[in-house]
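What's counted below: heavy atoms across the whole structure, side chains too, no hydrogens, waters or symmetry copies. Residue numbering restarts at 1 for every chain, and letters A, B, ... go by the order of the sequence lines. This structure is a prediction, so every number in the text was calculated from the model and none was measured.
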There are 2 protein chains.
Amino acid sequence: MARSPQKKASAPASGNAVTADLVAVLVAVTDGTPKIVTIAGGSALPSGPFEFTHRSLQTALRAWVEAQTGHPLGYVEQLYTFADRGRSGDAKSPHSVSISYLGLTREDKVGEGFEAHWSGWYDYFPWEDHRAGAPACLAKIIAPQLKAWAKAASSPTLQRERWQRCAITFGLDDRDWNEELVLQRYELLWEASLIPEAGRAHGRDAPVVPGKPMTADHRRILATGIARLRAKIKYRPVVFELMPAEFTLLQLQRSVEALAGRLVHKQNFRRLIEQQELVEETGAMAADTVGRPAKLFRFRHAVLAERAVAGTKLPLSRT
Amino acid sequence: MARSPQKKASAPASGNAVTADLVAVLVAVTDGTPKIVTIAGGSALPSGPFEFTHRSLQTALRAWVEAQTGHPLGYVEQLYTFADRGRSGDAKSPHSVSISYLGLTREDKVGEGFEAHWSGWYDYFPWEDHRAGAPACLAKIIAPQLKAWAKAASSPTLQRERWQRCAITFGLDDRDWNEELVLQRYELLWEASLIPEAGRAHGRDAPVVPGKPMTADHRRILATGIARLRAKIKYRPVVFELMPAEFTLLQLQRSVEALAGRLVHKQNFRRLIEQQELVEETGAMAADTVGRPAKLFRFRHAVLAERAVAGTKLPLSRT
DNA sequence: CCATTTATACTCTCCTTGAGCATAAGATGG
DNA sequence: CCATCTTATGCTCAAGGAGAGTATAAATGG
């Protein structure tokens, strides 16, 4: 337990040595697929020890990613810090604080000859992609398993409460799907022992929920990152960090949809983008297109000064 | 720099020992004043080393605060993790990672005989309280200083950019005040060397911006906490963590206004609270009141199940 | 020319939000 | 008892925004 304040003022105490790790969720969107940098065959997020030769965590993360990709990292945001005991599964390992970050780039910026590569994030969370309607695995696998878990509660009241939580979190029983609840959904599946990482004693069957697992709590960190990004794109112009220099409005829309995991109304999307003056025409038209050619746009960097701080909006509001 | 991923998988590395500190922003609202727990005569936030006898950071923080106040801590949320080198100002001190938390309680829950006591948070950020209109210090002191700082930039373009940032962030030049930009405002004042903690070489005058300073970066952490809370009350029912069991709608409104630092339209506030069914009547009426007696309400804890996750709203939207 | 695909311009309705008016129900001082 | 002050509470209204649909334009490949 931390000492109580009357015993000390504010100087940091010594002793209590731990190690500090950085874990990064590095996102890109290519052809309507949100991707993340993974290592170890897609079973882990890139991570490494933080070294204090840097002025700050942010600096360290940028330097690390730049060394890996050869390009500066666009948007960076701290996600969460974990310090759970035995986090690595080994109770004897030194205690470690893991500081996770979300970073946005473009896929083409990854350097050569690295173990790291890009994996689609829906490989890890297949139930999160609702662009073609609710995924089959939701109704066929997840909902029944959650129902069974709810039924297994000790009292009828608890059973009802459990199921209500499941229904709200996963949009079951005709409730609306809320794409921002990525972390809550993952944690609920964990609680119900439907996630391999939960590693509890299971009955006859191993957990059957689809989705690729990851080392330690990396999938939880990824869930945190996805949730944060899905929330962020609605009020900050961060999507543009994931776009090429020039793009059509449909490409932009597809990227937003890829991240949010749901479709948006095309005309309304354009209306919002244009009325906020987030983009400007380049004058050129898209070349390789099917159908009527679209104008090419570029991000108006001026808005970063005008409203980086003031907020923007995308048509992804709760219904 | 962190090692690049191709050299390692995901097991935490040893070496690189640091210490982990917890720093807490513990908030209560009494009589329309938002307060925080401070130590050292109000010059620091409560902080202490994290010990790994706890399962998680959250657990450690709760235990620590409970030991101090004798009551469980209501809402807890992680704020940010700092690991800046020389954070404590002493380059030779062991490197330390500071993990900050926001916690909500009630003032009456503080135990006896502790150095810790409550300080009004506007003592540290006088320019953040706009309930009685824009504070005088904004126009009289801050705006001129910022203007001088902007003028001091090397080129006309830079000068304009600086001033535009100032105007947006502080709502100058007839712009709207955005109460959520607490951290950006503090950082801008820091950048302009108008904050004692910035500790740069100053000209003839010491910085003159009003507001009590704090040790190290504690005031920055407090700014982060205020900003987070101001954002949060708009879409999560967290205000109730700060209210007594029974309250009138006006009391609730005053608490929201205290946190947000701005007034809200009374009738619209009630409309929103009631139509979301956040509260229920207790049947009793407020006793010690002036004017027509108000009904007493209590928080409907059912909404935590119904929509803890789904979101709520308060009439504090951007205009 | 046709169907098909995508782009782009409008329209329409419903709901939310900000704001104000009006009335009710207490206390207080004369 | 009345006038006045203060707070509570109910109701209306107008403007703007969001969701959804219609219509037309511009390209492609038969």
side-chain hydrogen bond (donor to acceptor under 3.5 Å, both in side chains) contacts in which one or both residues fall within residues 290-303 of chain B, not counting sequence neighbours: B:Glu280-B:Arg298, B:Glu281-B:Lys295, B:Arg300-B:Glu306

Could you state the [atom1]-[atom2] distance from [X] to [N], rounded to the nearest angstrom?
X	N	atom1	atom2	answer
A:Phe269	C:dC10	CZ	P	20 Å
A:Lys266	C:dT8	NZ	P	8 Å
A:Gln251	C:dT6	CD	C1'	12 Å
A:Asn268	D:dG16	CG	P	18 Å
A:Leu249	C:dA9	CG	C1'	13 Å
A:Gln253	C:dT6	CD	P	12 Å
B:Glu281	D:dT9	CD	C1'	11 Å
A:Glu274	C:dC10	CD	C1'	13 Å

Any donor-acceptor N/O pair under 3.5 Å between D:dA8 base and B:Arg292 side chain: yes

Side-chain-base donor-acceptor pair under 3.5 Å for A:Arg271 and D:dG19: yes

Output the single nucleotide from [options] whose closest atom is nearest the side chain of [X].
X	options	answer
A:Leu272	C:dG20, D:dA18, D:dA8	D:dA18
B:Leu250	D:dT9, D:dT7, C:dT11	D:dT7
B:Lys295	D:dT9, C:dC10, C:dA7	D:dT9

Note, A:Tyr80 side chain near A:Ile221 side chain (heavy atom, < 4.5 Å): no

Check: A:Trp127 and A:Tyr122 side chains under 4.5 Å, non-hydrogen atoms: no

Nearest-nucleotide comparison on DNA chain D, the residue closer to the 5′ end among A:Met285 and A:Gln267: A:Gln267

Parallel, tilted or perpendicular: rings of B:Phe240 and B:Phe299 (30°, 60°): parallel

Side-chain (A:Arg185) to main-chain (A:Thr169) donor-acceptor, under 3.5 angstrom: yes

Position toward the 5' end of DNA chain C (nearest nucleotide), A:Gly291 or A:Arg270: A:Gly291

